[in-house]
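Order of listing sets the numbers, starting from 1, for every ligand and every atom in it.
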Amino acid sequence: MILVLLGPPGAGKGTQAERLQEAFNLVHVASGDLFRENLRQKTDLGNLAQKYMDRGELVPDDVTIGMVRARLEQPDAAEGIILDGFPRTIAQARGLDEMLDDMDRELSAVLHIAVPDEELIRRLSGRWICEQCQTPYHVLSNPPQVAGKCNLCGGKLYQRDDDKPETVGARLEVYHSQTSPLIEFYREANLLREVDGSGEIDDVWEALKNTVEALE
Ligand SMILES: [Zn+2]
C-alpha cells in the first residue's frame with residue numbers, strides 16, 4: 001500500500017501519520033526527514049542538494065524524486081509507505097507516477113485531511129507565552145487560570161508574531177495556493193479521499209482508519 005498524506009498546518013498530520021504507520025504496518029516517510037538524512041549522510045543526492053542550497057537555489061525536483069525513490073527501494077518499504085510532504089508540486093506528482101510505474105507498484109490513495117481555515121486559525125493562533133518565565137499556554141488545550149496571566153509567576157502573557165492570527169492566515173494562504181493544484185490532480189485521477197479533520201484527534205483517526213480499511 002502506498003499512501004500520500006496531505007493536510008494543512010494544524011491538521012494533526014504528524015499524529016495521524018504515526019497511527020497509520022502502526023495500524024497498517026506502513027513506513028512513514030516525511031520528506032523533511034528524508035532530506036536531512038541525505039544531507040547528514042552525505043549521499044550523492046544529499047551532496048547534490050547541498051550544492052544548490054549553498055548557491056541559494058531551489059533543489060530541483062529530480063533530486064527530491066531521487067531521494068524518495070532510494071527510500072522506496074529499501075526493504076522495509078516493501079510492505080507499504082505513507083508519503084508526507086511529497087509530492088508538493090504537479091511535476092513531483094508526475095515524477096512519483098513514473099517512479100512507481102517503473103517499480104511496478106502503484107499509488108493506493110491520496111488522503112486529504114481537510115479542516116476549515118477558521119478552525120485552523122483557532123488552533124494555530126491559540127498559543128500564548130509568559131513574558132517572564134516563558135511558560136507556554138494554549139487557549140484551547142491548556143488555558144491559564146486567569147486570562148492573560150501566567151499560573152506560575154503571574155507574568156503577563158504575550159503572543160509571538162508567528163502565532164498571531166494574521167500570520168497564521170498568510171501561512172494558510174500559501175498552503176492552499178501550493179496544494180490546491182495537487183488536490184485537483186489527484187481528484188481527476190480518482191485517487192483523492194477526503195477525511196474530515198475538523199473534530200477531535202480520535203474522531204479524525206476513526207475516519208482515516210475507515211478510509212484506509214476500505215482500500216484494502
Ligand atoms: Zn510565568
Side-chain angles (χ1 to χ4, degrees), residues 3-23 26-41 46 49-50 53-54 56 58-59 64 82-86 88 111-180 182-183 194-209:
L3 302 171
V4 169
L5 191 58
L6 294 176
K13 201 157 56 102
T15 308
Q16 302 297 348
E18 267 175 46
R19 293 190 183 191
L20 281 172
Q21 169 168 270
E22 271 183 44
L26 305 169
V27 176
H28 176 206
V29 176
S31 62
D33 294 343
L34 193 58
F35 219 85
R36 280 186 291 276
E37 196 61 14
N38 273 275
L39 292 180
R40 202 175 56 78
Q41 296 191 345
Q50 188 71 58
M53 292 160 67
D54 288 345
L58 278 178
V59 176
T64 310
I82 313 162
L83 290 168
D84 174 2
F86 176 93
R88 250 182 232 283
L111 307 169
H112 176 224
I113 305 177
V115 185
D117 276 3
E118 53 197 71
E119 170 64 14
L120 293 171
I121 290 172
R122 231 162 57 93
R123 292 181 192 174
L124 293 166
S125 66
R127 211 171 122 93
W128 290 76
I129 298 166
C130 172
E131 63 181 16
Q132 288 193 66
C133 74
Q134 313 300 320
T135 301
Y137 295 88
H138 194 284
V139 290
L140 301 175
S141 54
N142 176 30
Q145 281 151 11
V146 180
K149 268 197 174 178
C150 178
N151 294 350
L152 303 177
C153 73
K156 207 175 143 220
L157 303 184
Y158 79 101
Q159 231 178 357
R160 294 184 321 168
D161 284 344
D162 279 1
D163 299 331
K164 286 181 178 161
E166 53 274 26
T167 317
V168 171
R171 258 169 83 199
L172 291 177
E173 266 177 46
V174 171
Y175 169 81
H176 289 307
S177 65
Q178 284 177 344
T179 319
S180 50
L182 216 48
I183 288 175
E194 295 262 8
V195 174
D196 178 7
S198 57
E200 299 291 322
I201 289 175
D202 288 340
D203 299 332
V204 178
W205 166 240
E206 206 55 41
L208 206 51
K209 188 167 65 120

>> If I only include protein atoms of type N, O or S, how many are less than 2.8 Å from the Zn ion (ligand 1)?
In response: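 Total protein N/O/S atoms under 2.8 Å from the Zn ion (ligand 1): 4.
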
>> Suppose we screen for side chain to side chain contact (heavy atoms under 4.5 Å, CB included). Which residues come up paired with P144, at least two apart in sequence or across chains?
In response: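 Y137, N151, L157.
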
> Does a side-chain N-to-carboxylate-O contact under 4.0 Å join R19 and D202?
Replying inline: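 A salt bridge is present here (some side-chain N lies under 4.0 Å from a carboxylate O).
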
> Are R122 and E119 within salt-bridge range, i.e. N to O under 4.0 Å?
Replying inline: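 Salt bridge present between R122 and E119.
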
> Are L39 and Q50 close enough that some pair of their side-chain heavy atoms sits under 4.5 Å apart?
Replying inline: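 Yes. Closest side-chain heavy atoms under 4.5 Å.
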
For residues 125-136, dump all side-chain donor-acceptor pairs below 3.5 Å to protein atoms at least two apart in sequence or in another chain.
| unit_1 | atom_1 | unit_2 | atom_2 | d |
| --- | --- | --- | --- | --- |
| S125 | OG | I121 | O | 2.5 |

> Who pairs with H138 by side chain to side chain donor-acceptor pair (under 3.5 Å), at least two apart in sequence or on another chain?
Replying inline: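 H138 satisfies side chain to side chain donor-acceptor pair (under 3.5 Å) with no other residue.
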
